[in-house]
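I have placed the structure first, in the form of structure tokens, so that the comments after it can refer back to it.
Since the structure is predicted, the reported quantities are computational estimates derived from the model, not experimental observations. All values below were derived from every heavy atom in this structure, side-chain atoms included, with hydrogens, water molecules and symmetry-related copies excluded.
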Number of protein chains: 2
Amino acid sequence: MFPKKVHYGLRFLLTLSGLAEGSHLGVAEIAERERLSVKFLEAIAVALRKGNIVNVRRGAGGGYSLAKPLKEITLYEIVLLLDEKLDKTIATEGSTTEKAVGRFLTSVRNDYGRLLRRVTLEKLRNYFAEENESIMYYI
Amino acid sequence: MFPKKVHYGLRFLLTLSGLAEGSHLGVAEIAERERLSVKFLEAIAVALRKGNIVNVRRGAGGGYSLAKPLKEITLYEIVLLLDEKLDKTIATEGSTTEKAVGRFLTSVRNDYGRLLRRVTLEKLRNYFAEENESIMYYI
DNA sequence: CAATATCCTACCTTTTTAATAGTATTAATT
DNA sequence: AATTAATACTATTAAAAAGGTAGGATATTG
């Protein structure tokens with residue numbers, strides 16, 4: 001249902017969220033930790049930067065950091081930046097059936113958008129924390 | 001956001017909803033009215049029949065009819081039958097970030113499913129009725 | 001200035017979506 | 001029973017989107 005870009009983007013942000021205040025992490029480093037393609041992750045990072053989700057510091061010793069805490073980032077922003085499907089308009093022209101179906105599906109898409117806007121990445125962080133706890137028990 | 005199959009399927013059902021009780025309409029007839037590919041619409045009709053959304057009468061003089069009124073059909077059923085994306089499971093294995101992201105996105109997908117289950121095709125019919133009214137004014 | 005990291009453009013491969021064609025099957029009508 | 005009108009099935013193809021690669025340009029720190 002969600003493209004890989006969204007999955008990878010969330011893992012990227014999750015990794016950044018573990019960073020100390022004021023520090024940065026490079027894409028190559030993150031890609032290695034997460035076992036993801038460097039080049040593919042680069043493109044995702046650029047998109048997130050353009051959407052003001054992350055800050056960048058270019059050049060040697062640079063990398064990315066979160067522009068705001070996870071609880072202030074909604075899933076809607078992420079999906080909008082990394083999955084172009086959401087904003088392309090549904091045709092509401094043509095025959096009466098076409099118009100009716102177009103308006104109907106548009107209203108559902110709007111409801112879906114509202115749903116995504118209510119979900120923040122704080123929930124993601126909670127899942128992440130849980131996973132790490134359960135690993136702790138093994139040790 | 002929704003594939004053509006869903007758009008066409010809804011137009012197909014909308015056309016059937018105008019039918020008198022006990023009568024049937026062939027795919028070729030519907031495809032001509034709606035200016036859709038006969039063969040493509042055939043495949044959609046078969047899927048809807050397998051999902052018990054429509055009844056079929058094969059052979060000469062046959063065709064399709066609604067198996068139940070529009071208000072008893074949810075958008076969830078239609079999307080599930082005509083868009084395979086919704087039921088394929090999201091991976092919740094691998095690294096801790098992968099698991100966390102998997103669980104997070106699965107929960108959102110479930111919320112989306114609940115949203116679709118609350119939407120019935122009665123709303124679609126209302127939009128359709130509106131469109132037809134506004135045409136009436138022109139005449 | 002050298003090293004390091006992002007940024008940009010173009011390309012390639014695989015998968016999915018959309019559509020088409022031909023044939024087999026079913027059943028009503030004559 | 002033959003004819004005809006309809007759905008059902010299988011295979012193929014074309015176009016679009018998703019996923020991934022490659023190389024070099026650009027910026028910035030040390």
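One finds no salt bridge joining A:Arg125 and A:Glu130 here, because no Lys/Arg side-chain nitrogen approaches an Asp/Glu carboxylate oxygen to under 4.0 Å. A salt bridge links A:Glu98 with B:Arg11: the closest approach of a Lys/Arg side-chain nitrogen to an acidic carboxylate oxygen falls below 4.0 angstrom.
In this structure, B:Arg117 forms a cation-pi arrangement with B:Tyr76, its terminal cationic atom sitting closer than 6.0 Å to the ring centre and no more than 45° off the ring axis.
Here A:Tyr8 reaches the OP1 or OP2 of D:dG20: one of its side-chain N or O atoms lies under 4.0 Å away. Within the 4.0 Å cut-off from OP1 or OP2 of D:dT21, at least one side-chain nitrogen or oxygen of A:Ser37 is found. Look at A:Lys85 and you'll find a side-chain N or O under 4.0 angstrom from OP1 or OP2 of D:dA18. Under 4.0 angstrom from either OP1 or OP2 of D:dA8 there lies at least one side-chain N or O belonging to B:Tyr64.
The 5' end of DNA chain D is approached more closely, in terms of each residue's nearest nucleotide, by B:Val46 than by the other of A:Pro3 and B:Val46. The residue among B:Arg57 and B:Asp83 whose nearest nucleotide of DNA chain C is located toward the 5' end is B:Asp83. Nearest-nucleotide mapping onto DNA chain D: of A:Gly59 and A:Phe40, the residue sitting toward the 5' end is A:Phe40.
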Using the salt bridge (charged side-chain N to carboxylate O under 4.0 Å, His left out) rule, take A:Glu84 and A:Lys88 through it: C-alpha gap first, then chi angles, then the decisive distance, then the call. CA-CA 7 Å; A:Glu84 8 292 346; A:Lys88 78 171 165 193; over 6 Å; no
So which protein N/O to nucleotides 23-25 of chain D N/O distances come out below 3.5 Å?
unit_1, atom_1, unit_2, atom_2, d
D:dG23, N7, A:Lys39, NZ, 3.4
D:dG23, O6, A:Lys39, NZ, 2.4

